[in-house]
Amino acid sequence: MGERQLKRALVTGATSGIGAATVRAIAGTGRTTLALARRSERLRNLADETGCDWITCDVRDCQHVLEVVGEFEPDIVVNNAGVGHGIAGLSDMTQEDIRASLETNVQAPIQITACAVRGMKRRNLGHVVNIGSIAGLHTMISSLYGATKSAIHQFSQNLRVELAGTGIRVTEICPGRVETEFYGVASGNPEGLAKMADTEIRSLQPEDIARTILFALDAPMRVNVSTIEILPVEQVVGGVRMAPCSWENKGE
Ligand code: NDP
């Protein structure tokens, strides 16, 4: 089957949530899978469990990550590593949070893809999977996070056009709320996850996203699954928000 020509997968942000589930799913198909993130103990455990290869790397360390990509020569890149700093509002963010968001969510996936695509073009074969978000497609309260994911959306759209005729496929997955460590990291409070789990909304599970990624990867080579928006059944997007001003003199 054509889709099995895609044999070597790099997954970033593999120590938790969507990335770890994606490594389990892709390694489970027998593909050589390289799991990348910063926490080595977790990577070692994932390797014991799945047989994946692993490397400790910060995607913000441009030189190191490009060395890894250049050496591994992936056929599949899953740009998953991401942070949600400032998801509750821009005014509380530090300069470091802003820089980390831009470097992790935007700069790194673009650099990794640029490097991987060189080899893919030589082989006329490859699949880039970018993890976007509904925050990149719709108007929501997270201005910085939404801006980074919008950048990934347009990057994916334009890259697909740029690579037309090469056989390289580009898929963007845009999830709604997934139950991972994301909100705990975003709020700087590990309890964030527990709080989220407390609500009555049933979130997506990381395995739901991993299964979706596998669907795109294993589609026949004539098929490019371009964009998938996937939400919990109890989460919807849209509507107009009315918010009365809180200050005394509204300046009428
Ligand atoms: P998690 O916080 O559970 O996982 C994030 C992963 O990214 C971890 O493995 C972390 O590993 C890795 N990571 C973060 N920064 C770096 C870095 N500088 N270098 C290398 N790895 C890094 O979150 P999710 O699984 O939820 O998030 C995965 C993706 O899904 C993100 O891009 C996120 O924006 C997106 N998403 C998540 C949604 C959700 O509701 N959870 C909804 C929509 C999109 P380590 O710390 O070990 O480096």
Side-chain angles (χ1 to χ4, degrees), residues 10-25 34-46 52 54-62 64-66 68-69 77-87 96-97 99-109 111-112 129-138 140 142 144-153 155-156 172-190 192-193 195-197 199 201-210 212-213 227-232 234-235 237:
L10 169 68
V11 180
T12 69
T15 46
S16 164
I18 295 169
T22 302
V23 168
R24 289 187 184 98
L34 179 59
L36 181 152
R38 292 168 299 183
R39 286 171 287 180
S40 49
E41 188 59 34
R42 287 190 181 207
L43 288 169
R44 201 174 291 121
N45 292 340
L46 190 63
C52 72
W54 60 277
I55 188 150
T56 308
C57 178
D58 185 329
V59 293
R60 298 173 63 190
D61 180 346
C62 177
H64 187 204
V65 82
L66 295 189
V68 171
V69 178
V77 171
V78 182
N79 281 311
N80 166 73
V83 289
H85 300 314
I87 209 155
E96 178 47 30
D97 286 342
R99 188 166 38 244
S101 300
L102 293 169
E103 289 180 0
T104 312
N105 296 6
V106 182
Q107 183 180 302
Q111 281 172 333
I112 290 168
V129 179
N130 293 324
I131 306 302
S133 167
I134 54 167
L137 302 180
H138 303 286
M140 297 174 76
S142 51
L144 175 70
Y145 180 68
T148 66
K149 291 299 182 180
S150 277
I152 288 306
H153 175 60
F155 173 59
S156 306
E172 182 193 12
I173 312 279
C174 302
R177 196 166 81 171
V178 189
E179 192 175 330
T180 67
E181 294 173 14
F182 182 79
Y183 296 90
V185 176
S187 63
N189 165 19
L193 175 65
K195 250 200 220 149
M196 197 181 103
T199 70
I201 304 296
R202 285 169 300 163
S203 300
L204 297 173
Q205 296 302 305
E207 296 72 30
D208 299 324
I209 308 302
T212 307
I213 293 171
T227 311
I228 292 187
E229 185 176 318
I230 171 171
L231 290 93
E234 291 165 314
Q235 181 183 31
V237 180

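Note that this is a predicted model, so its numbers are computed, not measured. All ligand and atom numbering here is 1-based and tracks the order in the structure. Counting from 1, the numbers follow the sequence of the chain as shown.
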Proximity winner for [atom], if only heavy atoms of [options] are counted:
| atom | options | answer |
| --- | --- | --- |
| atom 3 (O) of ligand 1 | S16, S133, A14 | S16 |
| atom 44 (C) of ligand 1 | P232, G132, P206 | G132 |
| atom 20 (C) of ligand 1 | A20, G13, C57 | C57 |
| atom 38 (C) of ligand 1 | G84, G176, A21 | G176 |

Evaluate the side-chain proximity of [Y] to [X]: yes if any heavy-atom separation is below 4.5 Å, no if none is.
| X | Y | answer |
| --- | --- | --- |
| L144 | H85 | no |
| L36 | V59 | yes |
| N105 | I152 | no |
| L137 | H153 | yes |
| L46 | W54 | no |

What is the minimum heavy-atom distance between L43 and A37, and which atoms define it? CD1-O, 3.7 Å

Closest approach of Y145 and G84, non-hydrogen atoms and distance? CD1-CA, 3.8 Å

Does ligand 1 have any atom sitting under 4.0 Å from a heavy atom of [X]?
| X | result |
| --- | --- |
| N80 | yes |
| A186 | no |
| S203 | no |
| K149 | yes |

Would you mind running through ligand 1 and noting each atom that sits below 4.0 Å from a heavy atom of [X]?
| X | value |
| --- | --- |
| I18 | 25 (O), 30 (O) |
| G17 | 3 (O), 25 (O) |
| T15 | 8 (C), 9 (O), 10 (C), 11 (O), 45 (P), 47 (O) |
| R177 | 40 (O) |
| T104 | 15 (N) |

side-chain contact (heavy atoms from CB on, under 4.5 Å) test vs P175 passes for just one of I228, I209, I134, namely I209

Using distance alone, determine whether [X] and ligand 1 share an N or O pair under 3.5 Å.
| X | result |
| --- | --- |
| E181 | yes |
| I131 | no |
| D58 | yes |
| V59 | yes |

Residues, nucleotides or ligands: over 12 heavy atoms within 6.0 Å of R202 CZ: no

Can you check side chain to side chain contact (heavy atoms under 4.5 Å, CB included) on F182 and I18, steps first, answer last? CA-CA 10 Å; F182 182 79; I18 295 169; over 6 Å; no

Cationic N near anionic O, under 4.0 Å, E96 to R60: yes

